[in-house]
Amino acid sequence: MRFDVLTIFPEMFSALTQWGVTGRACEQDLAQVKLWNPRDYSSDSRKTVDDRAYGGGPGMVMMVKPLEDTVNAIKTDHQAQNLSSGPVCLLAPQGERFSQKLASDLLKRSNLTLICGRYEAIDQRFVDRNVDLQISLGDFVVSGGEIPAMAIMDALIRLIPGALGDDESALQDSFMNGLLDYPHYTRPEVYETLSVPDVLLGGHHAKIADWRRQKSLELTLRIRPDLIELARANGLLSREDERFLQDLVK
Ligand SMILES: C[S@@+](CC[C@H](N)C(=O)[O-])C[C@H]1O[C@@H](n2cnc3c(N)ncnc32)[C@H](O)[C@@H]1O
């Protein structure tokens, strides 16, 4: 999968492209990350990409032209590579809340263009004319779109077959089956006064699977009951799950 990222801080992306699971996926060419700096498309000698806001107020606004010229250059590059351009996504607190479901949907596209905002805002005319989808990482504000973009790219890259050592591990992650992940343990068997649950030591695979499922249900019901409702509505809960949940509630 290819990611085209518009950013005035391309160096930040080495955190994604050079480390861990995502670094390995880039190295193996499972993910391609191409960075585009709008300063390279600015027409003045100082490479300006921002200006003061009409109407006054604090902070600077990113200008339409360097951003739009960058997006056009990305699209031209797609054409040259015989790629059909995927959606242009703006990282924005106003956007759709990012989720595992949105990650799975976006993964169906062969490429994504991610626009990282900086400063106070982006000129709305750029957004209206060039952006297909706005994505938010949550109800908070960070200083730029780079960290949200990297979080989204990481969530997508780990779903690419071959990106994880064992493809099963992504399937077992929280949200993949609608529930939160169950608790995990490793050596030692006893740490100070704390023991690993007996069932995990017995080697009985069916019992371990049941215990993990029940812990997932229990944790999700306690911390995120909304996810239980959603899983129920999506037909992800079995009769045994429902029985277990009823007993828990009692
Ligand atoms: C300082 S913020 C601008 C915040 C803007 N004034 C507002 O209140 O909505 C600069 C950039 O960071 C990115 N950003 C900030 N918070 C974000 C979030 N929760 N999700 C995604 N991107 C975010 C956006 O790209 C935004 O253009």
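Order of listing sets the numbers, starting from 1, for every ligand and every atom in it.
Side chains of Tyr182 and Gln214: no donor on one and acceptor on the other come within 3.5 Å. Of the N and O atoms on the side chains of Ser238 and Asp241, at least one donor lies less than 3.5 Å from an acceptor on the other residue. In this structure, a donor-acceptor pair under 3.5 Å is present between the side chains of Gln124 and Asp128.
Residue Ser136 approaches ligand 1 through these ligand atoms, each under 4.0 Å from one of its heavy atoms: 19 (N), 20 (N), 21 (C). For ligand 1 and Gln94, the ligand atoms under 4.0 Å from any heavy atom of the residue are 7 (C), 9 (O). Annotation for ligand 1: atoms under 4.0 Å from non-hydrogen atoms of Gly138 are 19 (N). Distances below 4.0 Å separate heavy atoms of Gly117 from the following atoms of ligand 1: 11 (C), 12 (O), 25 (O), 27 (O). With ligand atoms numbered from 1 in the order given, ligand 1 contributes 12 (O), 13 (C), 25 (O) to contacts under 4.0 Å with heavy atoms of Gly145. Listed by atom number, the atoms of ligand 1 under 4.0 Å from Tyr119 heavy atoms are 1 (C), 2 (S), 3 (C), 10 (C).
What sits closest to atom 16 (N) of ligand 1 on the protein, heavy atoms only, is Val142 N, 3.1 Å. In terms of protein heavy-atom proximity, atom 24 (C) of ligand 1 is closest to Leu91 O, 3.1 Å. If you check which protein heavy atom lies closest to atom 20 (N) of ligand 1, you get Leu137 N, 3.0 Å. With respect to atom 19 (N) of ligand 1, the closest heavy atom belonging to the protein is Phe140 O, 2.7 Å.
Only the side chain of Pro148 comes within 4.0 Å of ligand 1, counting heavy atoms alone; its backbone N, CA, C and O stay farther away. Under 4.0 angstrom from ligand 1, the non-hydrogen atoms of Ile135 all belong to its backbone. Looking at Ala92 against ligand 1, only its backbone comes within 4.0 Å, counting heavy atoms. Contact annotation for Glu120 and ligand 1: heavy atoms of both the backbone and the side chain come within less than 4.0 Å of the ligand.
Residue-to-ligand polar distances keep Ile122 apart from ligand 1: every N/O pair is separated by 3.5 Å or more. Every N/O-N/O distance between Ile115 and ligand 1 stays at or above 3.5 Å.
More than 12 heavy-atom neighbours from other residues, nucleotides or ligands sit within 6.0 angstrom of CG on Asp247. Sparse packing is recorded around NE2 of His205, with 12 or fewer heavy atoms of other residues, nucleotides or ligands lying under 6.0 Å away. Under a cut-off of 6.0 angstrom, the local environment of CD in Glu189 is sparse, with at most 12 non-hydrogen atoms contributed by other residues, nucleotides or ligands.
Side chain of Thr22 to main chain of Gln18: no donor-acceptor pair is present (N/O by atom type, distance under 3.5 Å, no hydrogens or angles). In this structure a side-chain-to-backbone donor-acceptor pair under 3.5 Å is missing from Ser195 to Val190. Side chain of Asp77 to backbone of Ala73: no donor-acceptor contact under 3.5 angstrom is found.
The side-chain hydrogen bond (donor to acceptor under 3.5 Å, both in side chains) pairs that include a residue from residues 81-91 are His78-Ser85, where partners are two or more places apart or lie in different chains.
Between Leu133 and the options Leu90, Leu112, Leu106, a side-chain contact (heavy atoms from CB on, under 4.5 Å) holds for only Leu106.
When Gly95, Gly144, Ala149 are ranked by how near their heavy atoms come to atom 13 (C) of ligand 1, first place goes to Gly144.
Proximity of Ala121 to ligand 1 is not established, as no heavy-atom distance is less than 4.0 Å. At least one heavy atom of Val141 sits closer than 4.0 Å to an atom of ligand 1.
The hydrophobic cluster containing Leu237 also contains Leu248, counting ILVMFWY residues as joined when their side-chain heavy atoms lie under 4.5 angstrom apart, directly or transitively.
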